[in-house]
Enquirer: 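The structure is given below, and queries will be raised subsequently.
One is the number of the first residue; the rest follow in order along the sequence. For the numbers below, each heavy atom of this structure counts, side chains included, while hydrogens, waters and symmetry mates do not.
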Amino acid sequence: MIDGAGTPVGIQLTDVVKVYNPNQPNEVQVLKGVNLEIRPGEMVAVLGASGAGKSTLLQIMGTLDRPTSGGVAFGNLDVSTIDNIELARFRNRRIGFVFQFHHLLPEFTAIENTMMPALIGGVSKGAARSRAYGILGEMGLAHRISHKPGELSGGEQQRVAVARALIMNPEILLADEPTGNLDTHTGEQIIDILIRMNAGYHLSTVIVTHNAAIADRMNRRVVIEDGIAKEG
């Protein structure tokens, strides 16, 4: 494990509304006043029908998008008070992301892909490489660090993506259908890793999934229905 892993922080969403194309004929209100608390260190599954707003909710929680109205706070920090430049720094340092598709850069090796957020965050190349090597070792990929994505299996690629998400010691990990592009057995291995990382890296973790079996392994389930978050 990387030294200096952070203390988990909670996430508080208060009356979060998200409207696309406001005041236009094609206006769509996706979130209609979401109130949701993610407690420090817990793992929460977010479920809901396609188009219910799960990914929109995750993007707002990850500060990749801003709500039309309502508040988003991480611990005592209200991110609505932060400008876009500082918000990008906050996101880089404190939030890790894993998506359905790994989004690895094909021309870079596994260790280079893993190092990328650290280099962007101003970590020296040597320190970033040392961190990346340690995390990839935890993922069982120490022997694959010099392989490019095209030389890795789907499960290996997603493990590299998880390693990349953890390189900056975030307090929060957000995963959007992290097993959606994998077979059942490989998907279960990825969830095993996320559960282990949640404990080992002191993370608050939110996983969007359609898979009820995955949701059953989390501490809590939240269902997005009619633009509202409900305990599931």
Enquirer: Atom OG1 in T109, atom CG in L152: separation rounded to 0.5 Å?
Expert: 9.5 Å
Enquirer: Do the non-hydrogen side-chain atoms of T63 and V72 ever get within less than 4.5 Å of each other?
Expert: no
Enquirer: Does any N or O in the side chain of T114 come within less than 3.5 Å of the main-chain N or O of A110, such that one atom is a donor and the other an acceptor?
Expert: yes
Enquirer: Identify, with sequence neighbours excluded, every residue that meets side chain to side chain donor-acceptor pair (under 3.5 Å) alongside T68.
Expert: none
Enquirer: Which residues pass the side chain to side chain donor-acceptor pair (under 3.5 Å) test with E86, sequence neighbours left out?
Expert: R89
Enquirer: May I have the step-by-step check of side-chain contact (heavy atoms from CB on, under 4.5 Å) for I95 and M61, ending in yes or no?
Expert: CA-CA 10 Å; I95 305 175; M61 292 174 67; over 6 Å; no
Enquirer: Atom NE2 of residue position H143 - does it have more than 12 heavy atoms of other residues, nucleotides or ligands inside 6.0 Å?
Expert: yes
Enquirer: Determine the minimum heavy-atom distance between A165 and L173, stating which atoms define it.
Expert: CB-CD1, 3.8 Å
Enquirer: Test side-chain contact (heavy atoms from CB on, under 4.5 Å) on M139 and V160; report intermediate values, then the result.
Expert: CA-CA 8 Å; M139 301 291 163; V160 173; over 6 Å; no
Enquirer: For D15, is there any backbone N or O sitting under 3.5 Å from a side-chain donor or acceptor partner on N35?
Expert: yes
Enquirer: Looking at CG of L136 and CE of M115, how far apart are the two atoms once the value is rounded to the nearest 0.5 Å?
Expert: 10.5 Å
Enquirer: Would you indicate whether the side-chain heavy atoms of N84 and R66 approach each other to under 4.5 Å?
Expert: yes
Enquirer: So E231 and V222, do their side chains get closer than 4.5 Å, heavy atoms only?
Expert: yes
Enquirer: For I190 and G155, work out which heavy atoms get closest and say how close.
Expert: CD1-O, 3.9 Å
Enquirer: Does H210 reach the side chain of K54, with side-chain heavy atoms less than 4.5 Å apart?
Expert: yes
Enquirer: Within the 4.5 Å heavy-atom criterion, are F74 and E171 side-chain neighbours or not?
Expert: no
Enquirer: Quick one: are L194 and T205 in side-chain contact, heavy atoms under 4.5 Å?
Expert: no
Enquirer: If you compare all heavy atoms of I167 against all heavy atoms of R131, which two are closest, and at what distance to 0.1 Å?
Expert: O-NH1, 3.2 Å
Enquirer: Tell me, yes or no, whether the heavy-atom count around N76 atom CG, taken from other residues, nucleotides or ligands under 6.0 Å, exceeds 12.
Expert: no
Enquirer: So which heavy atom on G71 is nearest to which on V16, and how close?
Expert: O-CG2, 3.4 Å
Enquirer: Considering only heavy atoms from C-beta outward, does the side chain of R39 approach that of R220 to under 4.5 Å?
Expert: yes
Enquirer: Over all heavy atoms of both residues, which pair between G53 and V30 is shortest? Give the atoms and the distance, please.
Expert: CA-CG1, 3.5 Å
Enquirer: For residues I111 and L119: do they belong to one hydrophobic cluster (side chain heavy atoms under 4.5 Å, members Ile, Leu, Val, Met, Phe, Trp, Tyr)?
Expert: yes
Enquirer: Got a sec, which residues hit side chain to side chain contact (heavy atoms under 4.5 Å, CB included) with P149, two or more places apart in sequence or on another chain?
Expert: L104, N113, Q157
Enquirer: According to the interplanar angle, ranging from 0 to 90°, do the rings of F97 and F99 count as parallel (below 30°), tilted (30 to 60°) or perpendicular (above 60°)?
Expert: parallel
Enquirer: Heavy-atom distance under 4.5 Å between the side chains of Q158 and V98, does that happen here?
Expert: yes
Enquirer: Verify whether one side chain among T209 and N211 offers a donor that lies under 3.5 Å from an acceptor in the other.
Expert: no
Enquirer: What's the separation between atom CG in L141 and atom CD1 in I145, rounded to the nearest 0.5 Å?
Expert: 10.0 Å
Enquirer: Which pair of heavy atoms, one from A128 and one from A118, lies closest together, and at what distance?
Expert: CB-CB, 3.8 Å
Enquirer: Kindly indicate, with the supporting measurements, whether the criterion side-chain contact (heavy atoms from CB on, under 4.5 Å) is fulfilled by D216 and R221.
Expert: CA-CA 8 Å; D216 287 343; R221 297 160 55 121; 2.7 Å; yes
Enquirer: Can you tell me if CZ on F90 sees more than 12 non-hydrogen neighbours from other groups inside 6.0 Å?
Expert: yes
Enquirer: May I have the step-by-step check of side-chain contact (heavy atoms from CB on, under 4.5 Å) for E112 and K148, ending in yes or no?
Expert: CA-CA 9 Å; E112 289 168 341; K148 294 181 178 179; 6.0 Å; no
Enquirer: Using the side chain to side chain contact (heavy atoms under 4.5 Å, CB included) rule, pick out the option among D65, V46, I207, D176 that qualifies with L58.
Expert: D176
